[in-house]
Amino acid sequence: MSQLIQASIAILDQLSNIIGQLTETEFTHPSETLSSSSIGQHLRHTIEFFICLEQGYDKGIINYDKRAHDKLIEVNKEVALLAINRIRQFVFKQTEDKSLILEVGYDLNSDENVSVKTNYFRELTYNIEHAVHHMAIMKIGIREVAHHIITSPDFGVAASTLRYRGAAIVAN
């Protein structure tokens, strides 16, 4: 499963790199294109899913709905970078799979959750896909609020799309 760990680390490194290039103002500036949300808000949302996985790992129960919505992560680049680094260390250390329970609740009129059997590597995979999705959204916001920053061509692009694009280039 080193492929999952490597992919997670690469994503976290990409996030650290891009956040390091933004000013505090660019990080927190509401983007009209993103319905007035900021790059910082999307980053916070993205890494809080990793944090939920980290916090639930020892307990054996993951619930993404119970994330902290930590404003400091979305308004302070240094706090965000420290959180990314901590998650990076956690992911790097977890080399064995583990059975987990995922708690989810979709009834808006109830706090009742449904428990679903899952495992650490499945949830890490979900976090990878979730992060790539939000990185694509962040890229759109970065083009608006920090147009001087050039993101790497693979920022916010799924591995399968990159492989497809590579195969299409070779075929032509």
Side-chain angles (χ1 to χ4, degrees), residues 4-94 98 100-106 108 111 113 118 120 122-152 154-158:
L4 294 176
I5 294 167
Q6 289 171 354
S8 297
I9 298 296
I11 284 169
L12 294 167
D13 287 349
Q14 284 185 324
L15 288 169
S16 289
N17 180 285
I18 206 75
I19 299 313
Q21 294 180 59
L22 294 167
T23 66
E24 285 289 340
T25 302
E26 292 165 340
F27 185 67
T28 59
H29 186 75
S31 164
E32 188 176 316
T33 307
L34 303 183
S35 301
S36 295
S37 62
S38 68
I39 304 304
Q41 287 172 314
H42 278 277
L43 177 77
R44 188 243 339 126
H45 174 82
T46 302
I47 64 175
E48 279 192 336
F49 274 63
F50 280 101
I51 291 169
C52 286
L53 180 57
E54 174 192 26
Q55 292 174 341
Y57 182 84
D58 287 332
K59 292 181 271 183
I61 299 173
I62 311 299
N63 187 324
Y64 299 113
D65 293 340
K66 292 184 178 177
R67 57 193 187 279
H69 297 90
D70 186 346
K71 283 290 256 189
L72 278 177
I73 294 172
E74 68 184 58
V75 299
N76 186 314
K77 285 179 27 175
E78 292 308 311
V79 171
L81 290 168
L82 286 170
I84 291 169
N85 191 50
R86 191 188 78 239
I87 294 162
R88 189 182 193 286
Q89 291 172 11
F90 166 77
V91 169
F92 188 74
K93 288 190 302 187
Q94 307 311 320
K98 176 181 177 177
L100 300 168
I101 298 293
L102 173 65
E103 291 182 339
V104 294
Y106 296 106
L108 300 180
D111 290 333
N113 288 312
T118 187
Y120 173 70
R122 168 65 187 94
E123 294 308 311
L124 189 59
T125 301
Y126 170 70
N127 273 265
I128 292 167
E129 299 300 326
H130 179 253
V132 168
H133 166 74
H134 278 278
M135 289 165 70
I137 294 169
M138 282 184 246
K139 185 189 290 189
I140 294 166
I142 289 166
R143 288 181 179 155
E144 178 186 332
V145 302
H147 55 274
H148 60 92
I149 293 175
I150 299 173
T151 57
S152 66
D154 60 342
F155 187 88
V157 182

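Scope of the values below: all heavy atoms of this structure, side chains included, with no hydrogens, waters or symmetry mates. Note that the coordinates shown come from a computational prediction; the quantities given were computed from them, not determined experimentally. The chain is numbered in sequence order, starting from 1.
E74 has its side chain out of reach of L43: every pair of non-hydrogen atoms, C-beta onward, lies at least 4.5 Å apart. Inter-residue side-chain proximity for H42 and L34 is flagged as met; some heavy-atom pair is nearer than 4.5 Å. You'll find the side chain of I18 stays beyond 4.5 Å of the side chain of K139, heavy atoms only.
The backbone N or O of G141 sits nowhere less than 3.5 Å from a side-chain atom of E144 that would complete a donor-acceptor pair. No side-chain donor-acceptor contact under 3.5 Å links E103 to the backbone of I61. With E123 contributing its side chain and L53 its backbone, the two residues share no donor-acceptor pair below 3.5 Å.
Rounding to the nearest 0.5 Å gives a distance of 6.5 Å between OH of Y64 and CG of L102. Note that the CG atom of N127 and the CD1 atom of I11 stand 9.0 Å from one another [nearest 0.5 Å]. If you take CD1 on I149 and CD1 on I39, they are separated by 9.0 Å, rounding to the nearest 0.5 Å. Within the model, atoms CD1 of I73 and NZ of K71 stand 12.0 Å from one another, a figure rounded to the nearest 0.5 Å. With rounding to the nearest 0.5 Å, the separation of CD1 in I5 from CD1 in I9 is 7.5 Å. Note that the CE atom of M138 and the OG atom of S31 stand 12.5 Å from one another [nearest 0.5 Å].
The two atoms that bring V145 and P30 nearest to each other are CG1-O, 4.4 Å, heavy atoms only. The two atoms that bring F155 and M135 nearest to each other are CE2-O, 3.3 Å, heavy atoms only. Across S8 and V91, no two heavy atoms sit closer than the pair CB-CG1, 3.7 Å. Taking each heavy atom of I84 and S16 in turn, the nearest pair found is CG2-OG, 3.2 Å. Residues Q41 and S36 share a closest heavy-atom pair of OE1-O, 4.0 Å.
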Test R88 against D13 for side-chain contact (heavy atoms from CB on, under 4.5 Å), laying out the working first.
CA-CA 8 Å; R88 189 182 193 286; D13 287 349; 2.7 Å; yes
Derivation and outcome, side-chain contact (heavy atoms from CB on, under 4.5 Å), residues T23 and H29
CA-CA 10 Å; T23 66; H29 186 75; over 6 Å; no
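The residue from L100, T125, I62 that alone fulfils the side-chain contact (heavy atoms from CB on, under 4.5 Å) condition with Y120 is L100. Test K77, H147, H148 against E26 for side chain to side chain donor-acceptor pair (under 3.5 Å) and you get one pass: H148.
For residues 49-62, every residue pair satisfying the side-chain hydrogen bond (donor to acceptor under 3.5 Å, both in side chains) rule, not counting sequence neighbours, is listed here: E54-R86, Y57-Q94.
Scored by the ring-ring contact (aromatic ring centres under 6.0 Å, His included) test, F92 finds no partners at all (sequence neighbours excluded).
Between the side chains of Q21 and N17, a donor-acceptor pair is found at a separation under 3.5 Å.
Counted within 6.0 Å of NZ on K98, heavy atoms from surrounding residues, nucleotides or ligands total more than 12; the atom is thus considered enclosed.
Ring-plane geometry between Y126 and H130 is classed as parallel, the angle between the planes falling under 30 degrees on a 0 to 90 degree scale with a further cut at 60.
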